[in-house]
Amino acid sequence: MKMSQLLIPTLRDDPGEAETVSHRLMLRAGLIRKVAAGIYTYLPLGLRVIRKIEQIIREEMNRAGAQELLMPIASPAELWKETARWDYYGKELLRFKDRHERDFCLGPTHEEVITDLFRREVRSYRQLPLNFYQIQTKFRDEIRPRFGLMRGREFIMKDAYSFDLDEAGAKVSYQNMYDAYTRIFTRCGLTFRPVEADTGLIGGDVSHEFMVLAETGEATVVYSTEGSYAANLERAEACPPTEADTSALLPLTAVETPQRRTVEEVTAFLRVSSRQLVKTLLYRSGTESVAVLIRGDHEVNEVKLARLLQVTDVTLADPDTVQRLTGCPPGFAGPIGLQQVRILADRAVEGIKNVVVGANKADTHYQNANVGRDFSVEQFADLRNVQAGDPSSRGPGVLTLAKGIEVGQVFLLGTKYSQKMNATILDEQGKERLAIMGCYGIGVGRTAAAAIEQHHDDKGIIWPFPIAPFHVHLLTVSQSEKTTETAARLYPELENAGFEVLWDDRPDRAGVKFNDADLIGIPFQVVIGDKGLADGIVEIKIRKGGLKSRIAPHDLVDHLKTLRLEHDPSVR
RNA sequence: CGGGGCGUAGCGCAGCCCGGUAGCGCGCCUGCUUUGGGAGCAGGAUGUCGGAGGUUCAAAUCCUCUCGCCCCGACCA
């Protein structure tokens, strides 16, 4: 295509609204424009990238035996009420009424709609397994959309749903999708890592997230230095302490700790290690309050706590609630004499002796408090975030933390939706059985953003070949007839050889074209100008690495074909 | 939801404190020259100064309300 005829509004200055690399470059390279917070138009160049990623997804989903369909964006409240997610989903679900005052929402995900389809249309186990997918616009009214396509409110998602007769079959379907995702992200040129994940609002039993490792990632990934264990921090299991504290129990003593509230202040004041302090945090979930005991150098993992309590979320109690439950202001809560609430504790608290705890009295702590002797704990559980250097809970090695962008997630749902919506099928004995489901999502725009996060330099984007908007950026750097004629001859030759070519035929100066080309990041740049033609050559620059070579025009196509073998895995 | 910041030409910004009727750079349009890493000269167009209300002879500027956007946080006692 000719650049003079495409809307590619590149920007010379960084737009003020963008901070992260991918957001900035997507705006500067003319891929997207914002319409409202978290809502974007995909410009021609951006859409080509999106379509490339979608195509890879389609090919791999089809190869995995999934079938494509397309569900509506708007869905009626009735379906969501069947699963109770009409209430559960909260403000993220964008609701509206039609002209008859009937409730609708914009689909943030499509378990309800697909399960409804399934229960109406599928009767027999003979039709299973089934896997449906769509690539479609989703809407989630996020609390804080940010970073361009990374966390939008409206975004393109590939979602797939599998239906099996039994657990074993569902596991095969799950693994099948796991493998397809691995192929998809590999083909997109991403460095990623599948990690064990929490299931959140979608629900279910088993889940993995596909994380692209990048500093700007919003998720924290935990992985073992030597073993294969990897998990989202929300999920990562902490090992119980291995060494038991064998110290003799010392007598409990109350000490004054005026104005010392935080772990730092109290431990500094009492000159003890933060490992010798046990903090008492009060949490609320719905109507219930619980106290959580955690070692001073650890952090509570609220996802783990919520799962233990079997609720969707927990929040730290506000100061008034703390005052009411403990009789003291925040900073001095402790387990000794604490009434009215259940006391839960992280496993790391179980074996330590002679600890510092709050005294439930302003400006006072206890020293040498001991579990069993001075207070009791209803249940010990894994309730903390793992830390770098902790031993891996499975396999060898210690844990390392890194930031990651979640580009895909797979869930084994079990019967969560089929049960609520009564999606049954007849088995060999003619008995009705609930379908076992799985669901599988990929953020298409986020995948593009993640690719930029991983592949860029200070000049601009460096697209991996398979998802680049074009393969070859043809730059004519003179306006002479000779140059134009050469380009006009090479352009169709390249296209006939299977290259997608963007020809910068604009009457701008060379510098402008070079800078735009580097910004846009098409893998191969071909420079045609009078200087080169006088020597009988055109120039090739590989965007990644910047390697330049000079080549006779009639050898260009063959040479690029050879280069493509190196850069495009799909032609290997 | 809480905190902070920002809304002035397509983009990046100045002007605001101290009121006097809007400016700079880039981009855009015309012409000439130039033409291999963001050209030069000359001429030109473009703003309801986010919106509403108020104060004033006079408001981008002061006051009140409101909308939008960006960033951080959402309580670790």
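None of these values were measured; they are calculated from a predicted model. Every chain is numbered from 1, with letters handed out A, B, ... down the list of sequences.
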When you compare [N] with [M], how far apart are their [atom1] atoms, in angstrom units rounded to a whole number?
N      : M      : atom1 : value
B:rU61 : B:rU21 : P     : 14 Å
B:rG25 : B:rA39 : C1'   : 16 Å
B:rC70 : B:rG43 : C1'   : 39 Å
B:rA59 : B:rG51 : P     : 15 Å
B:rG4  : B:rU64 : P     : 15 Å
B:rC71 : B:rG10 : C1'   : 25 Å
B:rU66 : B:rG3  : P     : 14 Å
B:rG38 : B:rC28 : C1'   : 16 Å

Using whole Å, report how far [atom1] of [X] lies from [atom2] of [N].
X        : N      : atom1 : atom2 : value
A:Asp141 : B:rC1  : CG    : C1'   : 14 Å
A:Leu519 : B:rG27 : CG    : P     : 16 Å
A:Asp320 : B:rC75 : CG    : P     : 16 Å
A:Asp504 : B:rG36 : CG    : C1'   : 13 Å
A:Glu19  : B:rC70 : CD    : P     : 11 Å
A:Arg151 : B:rC71 : CZ    : P     : 12 Å
A:Asp458 : B:rG37 : CG    : C1'   : 14 Å
A:Arg146 : B:rC69 : CZ    : P     : 16 Å

Please classify the nucleic acid contact of [X] as base, sugar-phosphate, or nothing, using heavy-atom distances under 4.0 Å.
X        : result
A:Leu282 : base
A:Leu475 : nothing
A:Lys459 : base
A:Gly532 : base
A:Ala317 : base
A:Glu299 : base
A:Arg384 : nothing
A:Val263 : sugar-phosphate
A:Pro319 : nothing
A:Arg12  : base
A:Asp518 : base
A:Thr315 : nothing
A:Ala37  : sugar-phosphate

Quick check on [X]: does its [atom1] atom have over 12 non-hydrogen neighbours (other residues, nucleotides or ligands) under 6.0 Å away?
X        : atom1 : result
A:Ile143 : CD1   : no
A:Glu288 : CD    : yes
A:Arg324 : CZ    : yes
A:Glu493 : CD    : yes
A:Arg550 : CZ    : no
A:Lys353 : NZ    : yes

Residue whose nearest RNA chain B nucleotide is more 5′ - A:Ile294 or A:Ala36: A:Ala36
Residue whose closest nucleotide on RNA chain B lies nearer the 5' end, A:Ile537 versus A:Gly16: A:Gly16
What's the closest nucleotide to the [X] side chain, out of [options]?
X        : options                : answer
A:Phe147 : B:rC76, B:rC71, B:rG38 : B:rC71
A:Lys34  : B:rC72, B:rC69, B:rU35 : B:rC69
A:Lys548 : B:rU34, B:rG38, B:rG37 : B:rG37
A:Arg28  : B:rG38, B:rC1, B:rC11  : B:rG38
A:Lys531 : B:rC26, B:rG36, B:rC70 : B:rG36
A:Asp13  : B:rG36, B:rG12, B:rC72 : B:rG12
A:Val527 : B:rC76, B:rC70, B:rG36 : B:rG36
A:Ser478 : B:rC70, B:rG12, B:rG36 : B:rG36
A:Ala510 : B:rG36, B:rG73, B:rC70 : B:rG36
A:Ile143 : B:rA74, B:rG37, B:rC70 : B:rA74

Considering every strand shown, what is the Watson-Crick or G-U wobble mate of [N] when both distances are under 3.5 Å?
N      : result
B:rG7  : B:rC67
B:rG73 : B:rC1
B:rC32 : B:rG40
B:rA59 : none
B:rC24 : B:rG12
B:rU48 : none

No-hydrogen, no-angle side-chain donor-acceptor test under 3.5 Å, A:Gln367 and A:Thr253: no
Mutual orientation of the aromatic rings belonging to A:Tyr491 and A:Trp503 [parallel < 30°, tilted 30-60°, perpendicular > 60°]: tilted
Base B:rG38 paired with A:Asp508 side chain (donor-acceptor, <3.5 Å): no
Ring centre gap for A:His567 and A:Phe524 strictly below 6.0 Å: yes
Under 4.0 angstrom between A:Arg509 side-chain N/O and B:rU34 OP1 or OP2: no
Side-chain donor or acceptor of A:Asp87 paired with backbone N/O of A:Gly90 under 3.5 Å: no
